Amino acid sequence: MPENESSQPADFIRAAVIEDLRTGRFSRVHTRFPPEPNGYLHIGHAKAICIDFGIAAEFGGICNLRFDDTNPVKEEVEYVESILQDIRWLGFDWDDRLFYASDYFERLYEFAVALIRKGKAYVCDLSADEIREYRGTLTQPGRESPFRNRAVEENLDLFARMRAGEFPDGSRTVRAKIDMASPNINLRDPVMYRILHASHHRTGDAWCIYPMYDFAHGQSDSIEGITHSLCSLEYEIHRPLYDWFLDELEIYRPRQIEFARLNISYTVLSKRKLLRLVQGGHVRGWDDPRMPTLSGLRRRGYTPEAIRNFCERIGVAKKDSIVDLALLEHCLREDLNRRAPRVMGVLRPLRVVIENYPEGLVEEFDTLKNPEDPAAGTRKVPFSRVLYIEQDDFREMPPPKYYRLAPGREVRLRSAYFVKCVKAVRDDRGNLVELRCTYDPATRGGDAPDGRKVKATLHWVSAAHAVPAEVRLYDRLFTKENPDETDDGSDFLANLSPHSLETLSGCWVEPSLAGAKVGAIYQFERQGYFCVDPDSAAAKLVFNRSVALKDEWAKIEKAQRTR
Ligand code: ATP
Ligand code: MG
């Protein structure tokens, strides 16, 4: 894991930037984050955002936000808006530097004309299938298009008429004239422009030809004066083409540097796959708390701090790897442990009647809001004769090492009293209905003056005061560490977990939570961290469990240390 030691750069990108500033290749740092608005941002994008905005800030530079909106068919305003919101939420700011590749359509067109004039580009009449066929393979060189040697004037005329809308979709393309025998397939006369009679979310029907990503990206970087164009590893084999266009156009050339994509176990991080989860109804939407999207993570209770900390801990490497989902959860626990107020909530309630507690009496106990943060102060928790505890906290026949409530056994109710179970009441069919208990008034506040000990402390709520709640518990969305791995050749959907969501509707939470705000996050004692969901209504709060308390990652780290 890279540490930011005083003189040592934390990773190879920062080392490259330092080197460029030292040698004078660049005298400033200007990066960009270039999302395509064809889906919601996910945690992989958060990594890229932290790198792009983070490195610029570290070197006193700036970072642009640029939408790579060159494909009108898959792009939508909804995505643009969600992306703006998610980047801001993550804590980054592009000031007034919000750009769109579509802002440059006219200039990109002129660039293409310039290449045609130079004899470096041509209009090709091959169909998409034919182009693929002519392209060759990794082991076989491609064949030249029969249209490759068209005269400059004819190319210019055809290109102008493509723009004017004279030809149907797919009938012609503009291609760069590079090398059909190049070992890099990206250099085998790549397509620069295609015909697409489709409305664009920003330029409307002004264009019926659209530039390809490779023809738009480098030139957009160049126009904006980007110094370091940082992107994920799959663009490495596009870099020669990135450089070729800029060199042939004789315009300013930024430096592209690639880093490994983020992969997380039990998770898919590809907008195409995430879209299938949404469209197939496998999740409730892009912001379903099981989704690795930033909006899903936010709804789940992830904080920007936890996500930024995660991105820092995984570091920046050149080699692809899979990060353990447990590390992401660990980063969240670390953050929430510090800031989440403690409350009591009972998820699977079991009624308890304290037989010797006076009817109608209500006592209020002062309880710390957060032992990790004394400044948070205390809250009042009401206690009365009828309570709810967790069904799991009682066993009629306790197995060895089960220290919680059982007939005849005494336990502590957090911050309140010691109580002892005298009887378990069952209905005709044998179902457990309630417990009858007694309390010891001398243990007020939760300690026995005679020094007697109990082995368990339970959370509870007062039945008359508690607020009804629905709680949604989440598990991994996929059963396989690598969801793309299937036994029978079917796709990743075959690995969806049937247990990723469990909804508990009869829960009770302490009254201090009445009116809790959407997005607020609490630690329910002994149960984990819970975030108030937008589905909450006056009659019923809805909580998402962000993460349980048990920290898998701490265990993994400990095992690694002792190995
Ligand atoms: P996806 O595969 O999810 O569709 P993409 O690369 O097509 O991702 P873009 O909108 O083009 O999505 O990505 C914007 C930026 O985010 C790019 O610079 C890309 O390199 C980076 N990025 C995308 N996915 C990841 C990831 N998993 N890890 C790190 N960076 C990523
Ligand atoms: Mg992309």
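Just so you know, these numbers use all the heavy atoms, side chains as well, and skip hydrogens, waters and symmetry mates. This is a predicted model, so every value here is computed, not measured. Note that ligands are numbered from 1 as they come in the structure, with each ligand's atoms numbered from 1 the same way.
- Of the heavy atoms in R272, none comes closer than 4.0 Å to ligand 1.
- For ligand 1, the polar-atom distance check against R32 finds no nitrogen or oxygen pair separated by under 3.5 Å.
- For residues 18-29, every residue pair satisfying the salt bridge (charged side-chain N to carboxylate O under 4.0 Å, His left out) rule, not counting sequence neighbours, is listed here: E19-R22, D20-R255.
- Heavy-atom proximity to F259, at under 4.0 Å, picks out these atoms of ligand 1: 29 (C), 30 (N).
- Residue E36 places at least one N or O, backbone or side chain, under 3.5 Å from an N or O of ligand 1.
- Of the listed residues (H217, H45, K271), the one carrying the non-hydrogen atom nearest atom 22 (N) of ligand 1 is H45.
- In the model, Y302 has no side-chain atom that pairs as donor or acceptor with a side-chain atom of D335 under 3.5 Å.
- Y242 and H238 have their aromatic ring centers separated by at least 6.0 angstrom.
- Using a 4.0 Å cut-off to heavy atoms of A48, the atoms of ligand 1 that qualify are 16 (O), 21 (C), 30 (N).
- A salt bridge between D533 and R472 is present, with a side-chain N of the basic residue lying under 4.0 Å from a carboxylate O of the acidic one.
- Atoms of ligand 1 lying under 4.0 Å from at least one heavy atom of H42, given by number and element, are 3 (O), 24 (N), 27 (N).
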Audit row: R32, N64, side chain to side chain donor-acceptor pair (under 3.5 Å) steps and yes/no: CA-CA 4 Å; R32 87 286 169 267; N64 293 358; over 6 Å; no
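- A salt bridge links K480 to D487: at least one charged side-chain nitrogen sits closer than 4.0 Å to a carboxylate oxygen.
- Of the N or O atoms in L262, one or more lie within a sub-3.5 Å distance of an N or O in ligand 1.
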